[in-house]
Amino acid sequence: MTDTARVLAPDAAPPDQRQRDACAGPPQAALGFEAAYDAYGPMVYRLAMVYLGSRTDAEDVVQEAFVRLLRRPAAFADGEHEKRWLLRVAVNLCRDQLRGFWRRRAVELEPGLPAEEAESLGLAEAIVALPEQYKGPIHLHYCEGYSVAEVGEILKLGQSAVKMRLKRGRELLRKEMEGQR
């Protein structure tokens, strides 16, 4: 059957093909939506927790980032492109929440972030306590394993700026961790 005939008579396709065509729409993600959510959802959540320090706010950011992925009209080159796009969207959403009216009110951090060990819990809390400009680079580089160039691309910063933020962030973390001992 030709493409023109299929457009004119969509019911002529087998039922399973019609269902895939109706649900698929334009190609949205290198992995597909559900696979992308399973693969990148925890990473986006951790990044949002680092920026916001609140489970509910982080969940909102994850939800909004994946809604935007679902609505994205263009296809991604590959899974890495998709992952970087999601992280970029998450960073922007976190920054929007931090600038928002309701966020300016004093909000107490939750009494513990999900962590396996007490030492990593202290480190996670120390990262959350960092100024905003250091949270993203520290988390993306040390927790998610991105290179300096990749962090710069995700955060739209130059490599020298990323290196300086990593250096200053490490210094602040070192001071904070030494103060806790």
Supply the atom-to-atom distance [X] [atom1] to [Y] [atom2], rounded to the nearest 0.5 angstrom.
X: Gln133; Y: Met164; atom1: CD; atom2: CE; result: 11.5 Å
X: Glu64; Y: Leu69; atom1: CD; atom2: CG; result: 11.5 Å
X: Cys143; Y: Met43; atom1: SG; atom2: CE; result: 11.0 Å
X: Leu86; Y: Arg68; atom1: CG; atom2: CZ; result: 11.5 Å
X: Tyr51; Y: Ile127; atom1: OH; atom2: CD1; result: 12.0 Å
X: Arg174; Y: Glu176; atom1: CZ; atom2: CD; result: 13.5 Å

Sub-4.5 Å side-chain heavy-atom contact between [X] and [Y]:
X: Val151; Y: Arg165; value: no
X: Trp85; Y: Arg72; value: yes
X: Tyr134; Y: Arg170; value: no
X: Gln97; Y: Leu93; value: no
X: Lys156; Y: Arg88; value: yes

Quick check on the hydrophobic clustering: are Phe33 and Leu87 connected, directly or via other members, by side-chain heavy-atom contacts under 4.5 Å? yes
Same cluster (ILVMFWY, side-chain, under 4.5 Å), Val62 and Val67: no
Atom of [X], atom of [Y] and distance for their closest heavy-atom approach:
X: Gly136; Y: Leu155; value: C-CD1, 4.1 Å
X: Pro137; Y: Leu166; value: O-CD2, 3.4 Å
X: Ala149; Y: Gln159; value: CB-NE2, 3.4 Å
X: His141; Y: Ser147; value: ND1-C, 4.1 Å
X: Ala65; Y: Val44; value: CB-CG1, 4.4 Å
X: Gly169; Y: Leu130; value: O-CD2, 4.1 Å

From the list Val50, Leu47, Val162, side chain to side chain contact (heavy atoms under 4.5 Å, CB included) with Leu140 holds only for Leu47
Answer yes or no: are there more than 12 heavy-atom neighbours, outside [X] itself, under 6.0 Å from its atom [atom1]?
X: Arg168; atom1: CZ; answer: no
X: Gln63; atom1: CD; answer: no
X: Tyr37; atom1: OH; answer: no

Residues [X] and [Y] bridged, charged N to O under 4.0 Å:
X: Arg55; Y: Glu59; result: no
X: Lys175; Y: Glu171; result: no
X: Arg46; Y: Glu144; result: yes

Evaluate Met49 against Val128 for side chain to side chain contact (heavy atoms under 4.5 Å, CB included), listing each step before the verdict. CA-CA 8 Å; Met49 279 295 294; Val128 169; 5.9 Å; no
Check the pair Arg84 / Tyr146 against side chain to side chain donor-acceptor pair (under 3.5 Å), numbers first and verdict last. CA-CA 10 Å; Arg84 288 181 184 178; Tyr146 282 101; 5.4 Å; no
So, does Tyr40 use its side chain to make a donor-acceptor pair with the main chain of Gly79 at under 3.5 Å? yes
With a 3.5 Å distance limit and no angle check, can you tell me whether His139 reaches the backbone of Lys135 through a side-chain donor-acceptor pair?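 A pair under 3.5 Å: no.
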